[in-house]
Amino acid sequence: MFNKKCKLTDEQINAKAEGYLSKMSLKNKVMFLSGNWKMLRDSIKYKRTYNPVPIESHGNRKLKISPIAFTDGPRGVVMGNSTCFPVSIARAASFDRELEREIGEAIGKEARAQGANYFAGVCINLLMHPAGGRAQESYGEDPYLVGEMGAKLVAGVQKHNVMACAKHYAVNNMENRRFYVDVDCSERTLREVYLPHFKKCIDEGCASLMGSYNRFRGVQASESKHLLTTILRDDWGFEGFTITDFIFALRDGSKAIEAGMDMEMPLPVHFGLELKRAVEQGKLDEKVIDQAVLRVLKTQLIFENTEDPMEYNKSLVSCEEHIALAKKAAEESMVLLKNSNNVLPLPSNLKKLLVIGHLAVRANTGDHGSSNVYPKYVVTALQGIQKVLGEKTEVIHVNEDELDKIETIAPNCDAVIVIAGNDYNDEGEYVMPDSDINSPALMAQGYFNNGNKLIGMLMSKVANKSNNTSYTSDDGKPVGGDRKSLSLRQTEINAIRVAGKLNKNTIVALVSGSMILTKEWDDSVSSILYSWYSGMEGGNALASILFGDVNPSGKLPFSIPKEEKHLPEIDFFKANNIYYEYDHGYRKLDRDGHRPAYPFGYGLSYTKYAYGNVCAKTECNKVLIEVPVKNVGNRDGSEIVQVYVSVPNSKVERHIKELKGFSRVKLQTGEEKNVVIEIPLEELKYYDENSNSWILEHTEYDFLVGPSADERVLKTFKLEI
């Protein structure tokens with residue numbers, strides 16, 4: 001269970017858990033399944049309301065059962081001054097499973113060093129539309145890529161006996177309406193598109209799942225028996241425990257726990273004493289409570305009785321090794337979209353360089369919601385550039401709205417670098433709902449159900465006076481939500497056009513957690529680089545790419561369409577009911593016959609790679625794809641070989657093609673390697689709604705191999721299966 005080498009046998013785990021349960025009163029049980037968030041203490045003592053130290057459940061002191069000690073993520077541990085890695089969507093661009101596992105290990109170590117045993121930072125919600133506010137926390141638009149990366153994060157974290165939690169289950173793809181929207185889709189779309197990445201994490205041994213805020217087919221997702229029992233436990237065999245998202249996930253505690261929701265965090269708004277009363281009034285069977293308690297207990301016992309691979313202390317937090325890993329992740333993540341006339345890499349002996357953009361001097365690591373990390377420092381883009389160039393180069397910085405200065409300075413510079421994109425005001429978690437939900441009242445209810453009447457009364461007074469305005473950050477500015485625009489600011493577009501016209505060596509570095517449309521300015525510049533929210537070492541990583549110390553190797557984890565109208569039609573700010581179609585992202589572009597501006601999986605290098613002939617064969621319930629890849633340029637580098645699968649003669653509707661394998665390959669100049677990629681036959685099945693089963697069609701499959709999803713560069717091998 002959970003891929004752990006536990007000292008205890010299954011029989012011993014079961015006996016120990018049953019023994020604890022037999023000694024618990026009904027009140028003990030419901031409290032055990034409840035969060036015990038000390039919000040006021042954290043605000044006063046640590047000057048930070050959310051998660052400066054673990055957010056704990058009750059556990060049971062008398063029986064010496066530890067609480068669940070929760071920390072958030074996923075760009076690092078949010079507690080203390082932990083290492084800040086690039087956001088997840090950036091790491092997805094590396095297509096580097098092993099690197100993601102290493103990051104998981106670093107997170108696991110830092111969580112343990114700060115007293116946490118539970119990491120709720122495996123965010124694997126699909127990027128159904130690039131305007132989704134929390135795009136940065138997940139791994140992009142493709143279910144296979146999301147699942148592969150999420151599973152490796154789980155593996156790394158859990159190596160250090162930290163329970164990993166995958167979230168948000170399920171079909172959670174928007175922010176501003178996440179508390180209200182009711183999502184529907186066909187069962188096949190649910191199983192093939194919106195759930196396979198969750199199953200990959202479960203198969204990896206993920207200890208826990210967090211339910212989402214939205215409704216699904218008219219029912220709160222965190223109260224859905226279809227999601228929490230039929231699929232999660234009956235079909236997938238999940239043996240861990242589930243928790244709610246915070247405060248707003250439930251409407252009916254009894255319905256939720258009967259459906260398979262085990263624990264309410266961080267406070268029992270609908271669990272706790274409310275569940276106790278439901279049992280006492282005969283509205284809820286105590287056996288349902290017992291089942292949930294046993295799930296949590298058994299999971300804890302397995303993790304607590306697995307030998308630690310090392311000792312954990314505060315010296316691990318933001319240590320040199322982890323900071324170096326953050327820099328490596330940022331370097332591998334950056335995607336070179338355009339490089340006309342080989343403007344990049346820049347020589348380091350420039351005499352004069354112009355850097356444009358307010359974001360060039362900002363510590364801009366991502367949104368300010370629950371995933372915010374507070375590193376001990378952040379290297380800005382300008383600092384990283386200045387560090388490489390030193391005093392021999394005159395580096396001038398201006399903001400994008402200073403067009404008169406740009407017009408004067410740009411023509412006289414060796415190169416111009418524009419840092420443009422987003423920050424936490426433009427995208428990210430939409431932390432609190434709008435005014436029709438009284439948040440303090442719900443928290444008051446949570447404290448009352450926790451048996452803490454004093455704080456409950458205090459929060460009730462706050463609730464009575466509350467005007468319920470939307471959440472603002474510590475500096476009073478609005479936070480996140482879904483993106484209102486997929487383009488750059490007009491001031492940035494103007495600056496890019498002016499600089500590009502006056503200096504042929506103009507480079508744009510895009511800072512974002514999702515897709516940015518480029519059509520308004522693309523033809524004005526020589527080079528475009530996706531630098532993302534790149535973590536605490538982002539400025540140094542950017543400079544290492546710009547000046548050629550590192551060869552870019554990242555690939556887009558989403559497609560960039562030529563027109564916004566080629567995306568799914570969604571009103572992120574008014575949606576009440578929404579139906580998810582079978583296709584989105586590159587799959588929708590394929591279906592509709594729209595060629596993207598930049599395809600999924602696309603990214604350039606400072607060298608070039610040549611692909612030989614592809615061959616494929618079936619062996620032991622899998623397909624083996626083989627292709628020789630050679631570095632034919634003059635720089636060492638890494639190529640990401642991608643395999644897409646098409647079933648042209650299928651009896652049912654299929655995606656035109658879908659990613660089913662990839663491999664990151666290091667190649668020195670002139671070196672050739674035979675790349676072998678395995679695809680389990682399970683990956684080729686489709687879900688049949690009539691039989692509620694997965695079916696492998698015996699027909700001809702096309703295996704398309706190459707450097708991106710662009711069909712013009714893919715080599716095809718046909719194989720009968």
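Just so we're clear, the structure is a prediction, and the values are computed from it rather than from any experiment. These values consider heavy atoms only, across backbone and side chains, with no hydrogens, waters or symmetry-generated copies. If you read the sequence from its start, that first residue is 1, and numbering goes on from there.
Distance check, rounded to the nearest 0.5 Å: NE2 of His226 to CD1 of Ile231 gives 3.5 Å.
When every heavy atom of Thr365 is checked against every heavy atom of Cys84, the shortest pair comes out as CB-SG, 3.8 Å. Of all heavy-atom pairs between Tyr430 and Arg178, the closest is O-NH2, 2.6 Å. Here the closest non-hydrogen pair linking Pro196 and Arg191 is CD-O, 3.2 Å.
The side-chain tip of Arg75 does not point at the ring of Tyr533 from less than 6.0 angstrom away and within 45° of straight on.
Remark: of the listed residues Glu141, Glu581, His655, His655 is the sole one forming a side chain to side chain donor-acceptor pair (under 3.5 Å) with Arg587. Checking Arg591, Glu653, Arg188 one by one against Tyr582, the side chain to side chain donor-acceptor pair (under 3.5 Å) holds for a single residue, Arg188.
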Run Asp262 and Arg233 through salt bridge (charged side-chain N to carboxylate O under 4.0 Å, His left out) and show every step you take.
CA-CA 13 Å; Asp262 299 316; Arg233 300 186 188 281; 2.8 Å; yes
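Residues Ser534 and Met334 have side chains in contact (heavy-atom distance under 4.5 Å, counting atoms from C-beta outward). Counting only heavy atoms from C-beta outward, the side chains of Val157 and Val122 never approach each other to under 4.5 Å. Using a 4.5 Å heavy-atom threshold, the side chains of Phe271 and Thr244 count as separate. Within the 4.5 Å cutoff, the side chain of Ser222 has heavy atoms near those of the Met261 side chain.
Ring geometry, Tyr118 versus Phe70: the interplanar angle falls under 30°, so the pair is classed parallel (tilted spans 30 to 60°). Ring pair Phe600/Phe95 is perpendicular by interplanar angle, where above 60° counts as perpendicular and below 30° as parallel.
With hydrogens and angles left out, the side-chain atoms of Asn173 and Tyr580 include a donor and acceptor closer than 3.5 Å. Tyr50 and Asp72 share a donor-acceptor pair across their side chains, judged by distance under 3.5 Å alone.
In this structure, Tyr530 has its ring center closer than 6.0 angstrom to the ring center of Phe558. The distance between the ring centers of His197 and Tyr139 does not fall below 6.0 angstrom.
By the salt bridge (charged side-chain N to carboxylate O under 4.0 Å, His left out) test, Asp401 is found to be paired with no residue, residues two or more places apart in sequence or in another chain being considered. Asp245 meets the salt bridge (charged side-chain N to carboxylate O under 4.0 Å, His left out) test with no other residue; sequence neighbours excluded. Taking Asn36 as the reference, Lys38, His58, Asn450 meet the side-chain contact (heavy atoms from CB on, under 4.5 Å) condition, with sequence neighbours excluded.
A salt bridge does not link Glu258 to Lys225: none of the charged nitrogens lies less than 4.0 Å from a carboxylate oxygen.
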